[in-house]
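To keep things clear, I will list the structure first and then write my remarks on it.
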Amino acid sequence: MEDDYFSLNAILADNHKLSCSFTLDVEGLGYLEGGTENNIHQHSKVELPFWLAQTLSLNEFTTFPLPPPYSNRVKAALKASAQSVILSNLVGNNGWWYRWGRRIADVLDDEPQADLLNTLLKAFTNRLPALQDLSAHHASADHTLPEGSTSSGEMFRDGMEGDERELFAIGQESGKLSKAWYDSEAGRKGR
């Protein structure tokens, strides 16, 4: 998970809007609200892209609640059955749930930050074994399923977010290479 300034994945992870409340009056930026007023007044709520919300929040011009993809409802669903949560839909367009969560955690105070990072870690560790099993299965088997198949593995695969899809592809490729080696002459000599 890179945070490179020029990384398209990092840009996409930051491409979300947050509902922010201004902590003070700001002159000349009323257009951010989309209205005709010249100024933003204290306690005004404005939807801002994360990259701007982050800067304003770190400088204590705005505050924002934890976004819905990281709410207590999602935490409870992850705790109940991490594999059944469709992370790709939580941040939209097969997004980057872990990356965006980590970026949000960078802005939070100590206790909420630790809570969010713990949620991300638990979700990842609870979903990783299923991801690994599924990628190994897809690498070694003819996994053609009828169109519209609803096996739990396929549903889990469809619900993977960006980082999980990358790990899935790496696991699949690794499994294919291992199988090719095992089936090769060198692999048979080692048996």
Side-chain angles (χ1 to χ4, degrees), residues 1-17 50-51 66-106 108 113-191:
M1 292 196 290
E2 72 248 26
D3 284 329
D4 182 14
Y5 179 80
F6 297 106
S7 164
L8 290 179
N9 293 338
I11 292 168
L12 290 173
D14 283 357
N15 192 29
H16 297 283
K17 291 201 173 189
F50 176 73
W51 59 267
L66 204 56
Y70 308 99
S71 67
N72 288 333
R73 182 178 178 189
V74 173
K75 288 178 193 176
L78 287 166
K79 190 175 184 178
S81 175
Q83 289 88 5
S84 67
V85 178
I86 301 173
L87 294 181
S88 62
N89 288 347
L90 291 177
V91 289
N93 201 24
N94 294 319
W96 303 88
W97 188 78
Y98 295 107
R99 289 179 195 233
W100 193 41
R102 207 179 85 222
R103 299 282 290 146
I104 289 171
D106 290 342
L108 298 175
Q113 180 186 51
D115 186 45
L116 178 56
L117 290 173
N118 190 37
T119 298
L120 296 173
L121 180 62
K122 282 184 180 178
F124 185 76
T125 56
N126 288 338
R127 292 170 63 92
L128 188 59
L131 188 151
Q132 186 177 6
D133 288 347
L134 191 61
S135 69
H137 169 73
H138 274 256
S140 64
D142 177 18
H143 54 82
T144 54
L145 292 170
E147 193 66 32
S149 174
T150 57
S151 75
S152 62
E154 296 306 308
M155 289 174 57
F156 175 67
R157 187 184 71 169
D158 292 342
M160 289 179 192
E161 61 85 67
D163 290 308
E164 291 174 334
R165 286 190 309 274
E166 285 183 359
L167 288 174
F168 179 81
I170 291 168
Q172 233 180 340
E173 185 61 26
S174 176
K176 288 176 186 176
L177 291 172
S178 295
K179 185 174 181 345
W181 175 82
Y182 189 76
D183 292 343
S184 73
E185 196 67 33
R188 281 183 269 187
K189 286 181 183 177
R191 286 186 230 167

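One is the number of the first residue; the rest follow in order along the sequence.
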How would you list all residue pairs meeting side chain to side chain donor-acceptor pair (under 3.5 Å) that involve residues 116-131, not counting sequence neighbours? Arg127-Glu164
[atom1] of [X] to [atom2] of [Y]: how many Å apart, nearest 0.5 Å?
{"X": "Asp158", "Y": "Arg165", "atom1": "CG", "atom2": "CZ", "value": "10.5 Å"}
{"X": "Glu173", "Y": "Leu177", "atom1": "CD", "atom2": "CG", "value": "4.5 Å"}
{"X": "His16", "Y": "Trp51", "atom1": "NE2", "atom2": "CH2", "value": "15.0 Å"}
{"X": "Asp115", "Y": "Leu108", "atom1": "CG", "atom2": "CG", "value": "9.5 Å"}

Is any side-chain heavy atom of Glu166 closer than 4.5 Å to a side-chain heavy atom of Trp96? yes
Correct closest heavy-atom pair for Gly171 and Ser135 would be CA-OG, 3.7 Å
Heavy-atom closest contact (Pro69 atom, Trp97 atom, distance): O-NE1, 3.0 Å
With sequence neighbours excluded, tell me which residues meet salt bridge (charged side-chain N to carboxylate O under 4.0 Å, His left out) with Asp133. none
Of Met160, Gln83, Gln172, the one forming a side chain to side chain contact (heavy atoms under 4.5 Å, CB included) with Leu134 is Met160
Using side-chain hydrogen bond (donor to acceptor under 3.5 Å, both in side chains) as the criterion, list what pairs up with Ser71, not counting sequence neighbours. none
Under the salt bridge (Lys or Arg N to Asp or Glu O under 4.0 Å) definition, can you give me all pairs with a residue in residues 76-86, not counting sequence neighbours? none
Scan for salt bridge (Lys or Arg N to Asp or Glu O under 4.0 Å) pairs involving residues 82-92, sequence neighbours excluded, and state none if there are none. none
Under 3.5 Å, side chain of Ser184 to main-chain N/O of Trp181, donor-acceptor pair present? yes
Ring pair (Phe, Tyr, Trp, His ring centres under 6.0 Å) partners of residues 113-136, not counting sequence neighbours, each pair once: Tyr98-Phe124
Phe168: which residues meet the ring-ring contact (aromatic ring centres under 6.0 Å, His included) condition with it, sequence neighbours left out? His138
Using side chain to side chain contact (heavy atoms under 4.5 Å, CB included) as the criterion, list what pairs up with Leu117, not counting sequence neighbours. Arg102, Ala105, Gln113, Leu120
